[in-house]
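First comes the structure, then the notes that go with it.
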Amino acid sequence: MLQLQLVREHQNEIIDALKKRNIEAAPLVAKVLQLDEERRALQTKLDATLAESNKLSKEIGGLFKSGKAQEANLLKAKTGALKEESKLLGDDLNNTANALQDILYQIPNIPHASVPAGSTDADNEEIFKEGDIPVLIPGALPHWELAKKYDIIDFELGVKITGAGFPVYKGKGARLQRALISYFLDKNAAAGYTEMQVPHLVNEASGLGTGQLPDKEGQMYHVGEDDLYLIPTAEVPVTNLFRGEMVDQKEFPICYTAYTPCFRREAGSYGAHVRGLNRLHQFDKVEIVRVEHPNNSYQALDGMVDHVKDILRELQLPFRILRLCGGDLGFTAALTYDFEVFSTAQDRWLEISSVSNFETYQANRLKLRFKDEQGKSQLAHTLNGSSLALPRVLAGILENYQTADGIEIPEVLRPYCGFDKID
RNA sequence: GGAGGAAUGGCAGAGUGGUCGAAUGCGGCAGUCUUGAAAACUGUUGAGGGUCACACCUCCGGGGGUUCGAAUCCCUCUUCCUCCGCCA
């Protein structure tokens, strides 16, 4: 959520910047300013009424003490009217404040200056590319065929147990997946991220804190009976650890990592691009989350990008980094870098990580603050990134490492797997 | 599941109807002392709204109520703690 003060002071810059998202924000911003003005007018009125009533109450107290009960009772009659008035004003104020918040919830984060204009993923800007695209054996297979051939992932079995998008990993497939999780967590820990285990269901306040709610309810599985949501990413529980917190700026940088399964309803997806592991309702992911001083957050973002790069280098997967254009940028992010691995057998790039700086957008909802040098409380910056999402990394490994007599395991994963080939 | 107790500022912890936005301690900040640091001492220090700045208003877990007046009394919800029972 944007800070109200920012909207008040920089409305034109905001409207301009949001054009990069292809959003005509002028009506929303105008509405915000109008409601804000109404709110302040009501607040002033209410404050005056309450001040008057407070003053009378004090007088009454004094009169009772000095035994002038009659005079006191006269004043009492006055306060009744004030009370009624303040009740009405309070209701109006609440309604206006709620309406204002509803509008603010509809305005996405302001894109960073470096975000390119554009409307679809075709407009994303490739800023880095590394790794050789392997030449595959004749008759190379996509991962869903390989999964069947080596009996390591069973999609039909998942359909029986749950439904489409819930695969069952078997034998070496399961082991490879667990190896990846351990490897990612170890890499993150070595880079200074503290490992956390967090709940996989969150309450409504957490969903609001990181921006999944309101509006994107449909993306999350909801457990109606207990009013809880299955997490779509560890970002939600991990970032919400800081909801309502006042952190000491000496604690910066705050770096956490967590492995969780992720649950996404992904309504409306279909077609060849969602085959196999490409798009699932349940998948595993190791996430990194940082809370930073505003002065350092972009440096931190670069550090996170370098960290993910490092992992992909070790896995020896060809990858590229995209700077997302305004149209493809997530609602709450100011700047996002997507990592994509080239899947040779599918002949396409697969998104395997997304690293973002949210600046104060999440922190404003979370009320995540720190005390600056002057002792004033300030909103912190939050960042997160996948490090990494499992299924497409798995797909990339299976497809790029296939040979005539089996799938090689990347060197770095062998100690974790306990085997060096799937055959 | 049963029976009790509790929720106050960054933290700990007083406060049972007006003089309480709230004692005290710790922490933070500024200063004195010191070559520097620590210790000690002095001052300062809750959050949000509002204002050019003041004034002023709101906030003592959430919501509602009683009262001229609520951190304080009542109802309700949530959470935590203790004891008992059950249990991976």
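The structure presented is a predicted model; accordingly, all values stated were derived computationally and were not measured. To find a chain, count down the sequence lines: A is the first, B the second, and so on, and within it residues start at 1.
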Please state the [atom1] separation for the pair [N] and [M] - nearest whole angstrom.
{"N": "B:U45", "M": "B:G25", "atom1": "P", "result": "14 Å"}
{"N": "B:G64", "M": "B:A12", "atom1": "C1'", "result": "31 Å"}
{"N": "B:G85", "M": "B:G2", "atom1": "P", "result": "16 Å"}
{"N": "B:G4", "M": "B:C60", "atom1": "P", "result": "27 Å"}
{"N": "B:U67", "M": "B:C84", "atom1": "P", "result": "44 Å"}
{"N": "B:G18", "M": "B:G69", "atom1": "C1'", "result": "6 Å"}
{"N": "B:U82", "M": "B:A30", "atom1": "P", "result": "41 Å"}
{"N": "B:G61", "M": "B:A7", "atom1": "C1'", "result": "6 Å"}

Rounded to the Å, how far apart are [X] [atom1] and [N] [atom2]?
{"X": "A:Met246", "N": "B:U45", "atom1": "CE", "atom2": "P", "value": "16 Å"}
{"X": "A:Leu368", "N": "B:A47", "atom1": "CG", "atom2": "C1'", "value": "15 Å"}
{"X": "A:Leu46", "N": "B:A55", "atom1": "CG", "atom2": "P", "value": "19 Å"}
{"X": "A:Gln5", "N": "B:G50", "atom1": "CD", "atom2": "P", "value": "9 Å"}
{"X": "A:Leu93", "N": "B:G50", "atom1": "CG", "atom2": "P", "value": "11 Å"}
{"X": "A:Arg40", "N": "B:U58", "atom1": "CZ", "atom2": "C1'", "value": "17 Å"}
{"X": "A:Arg39", "N": "B:U58", "atom1": "CZ", "atom2": "C1'", "value": "12 Å"}
{"X": "A:Lys371", "N": "B:G28", "atom1": "NZ", "atom2": "P", "value": "13 Å"}

[N] pairs with, by Watson-Crick or G-U criteria that keep both distances under 3.5 Å:
{"N": "B:G36", "value": "none"}
{"N": "B:G21", "value": "none"}
{"N": "B:C52", "value": "none"}
{"N": "B:A7", "value": "B:U78"}
{"N": "B:G27", "value": "B:U45"}
{"N": "B:C73", "value": "B:G65"}
{"N": "B:U16", "value": "none"}
{"N": "B:C83", "value": "B:G2"}

TODO: For B:G46, take OP1 and OP2 only and decide whether either is under 4.0 Å from a side-chain N or O of A:Arg369.
DONE: no
Task: N/O (side chain, A:Asn54) to phosphate O (OP1/OP2, B:C57) under 4.0 Å - done: yes
Might you list the N or O atoms of the protein lying below 3.5 Å from N or O atoms in nucleotides 66-68 of chain B, with each pair's distance?
from	atom 1	to	atom 2	distance (Å)
B:C68	O2'	A:Ser57	OG	3.0

TODO: Taking only Lys NZ, Arg NE, NH1 and NH2, and the carboxylate oxygens of Asp or Glu, determine whether A:Arg414 and A:Glu408 approach each other closer than 4.0 Å.
DONE: yes
Task: Qualifying residues under ring pair (Phe, Tyr, Trp, His ring centres under 6.0 Å), relative to A:Phe242, sequence neighbours excluded - done: A:Tyr256
Open item on the list: At 4.0 Å (heavy atoms only), tell me whether A:Asp248 reaches a base, stays on the sugar-phosphate, or touches nothing.
Closed with: nothing
Open item on the list: Considering every strand and a 4.0 Å limit on heavy-atom distances, what is the contact class for A:Leu50: base, sugar-phosphate, or nothing?
Closed with: sugar-phosphate
Open item on the list: With nearest nucleotide decided by heavy atoms, which residue, A:Gln43 or A:Lys55, maps closer to the 5′ end of RNA chain B?
Closed with: A:Gln43
Task: Test item: A:Arg320 side-chain N/O and A:Glu340 main-chain N/O as donor-acceptor pair under 3.5 Å - done: no
Task: Main-chain N/O of A:Lys421 paired with A:Lys172 side-chain donor or acceptor, under 3.5 Å - done: yes
Would you mind reporting whether [Y] and [X] have side-chain heavy atoms less than 4.5 Å apart?
{"X": "A:Asp328", "Y": "A:Leu322", "value": "no"}
{"X": "A:Leu241", "Y": "A:Val289", "value": "no"}
{"X": "A:Leu388", "Y": "A:Phe339", "value": "no"}
{"X": "A:Cys262", "Y": "A:Asp284", "value": "no"}
{"X": "A:Lys83", "Y": "A:Ser53", "value": "no"}
{"X": "A:Pro294", "Y": "A:Phe370", "value": "yes"}

- [ ] Could you give me the CA-CA distance, side-chain angles and deciding distance for A:Asp47 and A:Gln43, then say whether side chain to side chain donor-acceptor pair (under 3.5 Å) is met?
- [x] CA-CA 6 Å; A:Asp47 285 359; A:Gln43 181 87 61; 3.2 Å; yes
Open item on the list: Whether A:Lys285 engages the ring of A:Tyr259 as a cation-pi pair (distance to the six-membered ring centre under 6.0 angstrom, angle to the ring normal within 45°) should be assessed.
Closed with: no
Open item on the list: Just to be sure I understand the geometry, which residues of residues 194-207 of chain A put a non-hydrogen atom under 4.0 Å away from RNA chain B?
Closed with: none
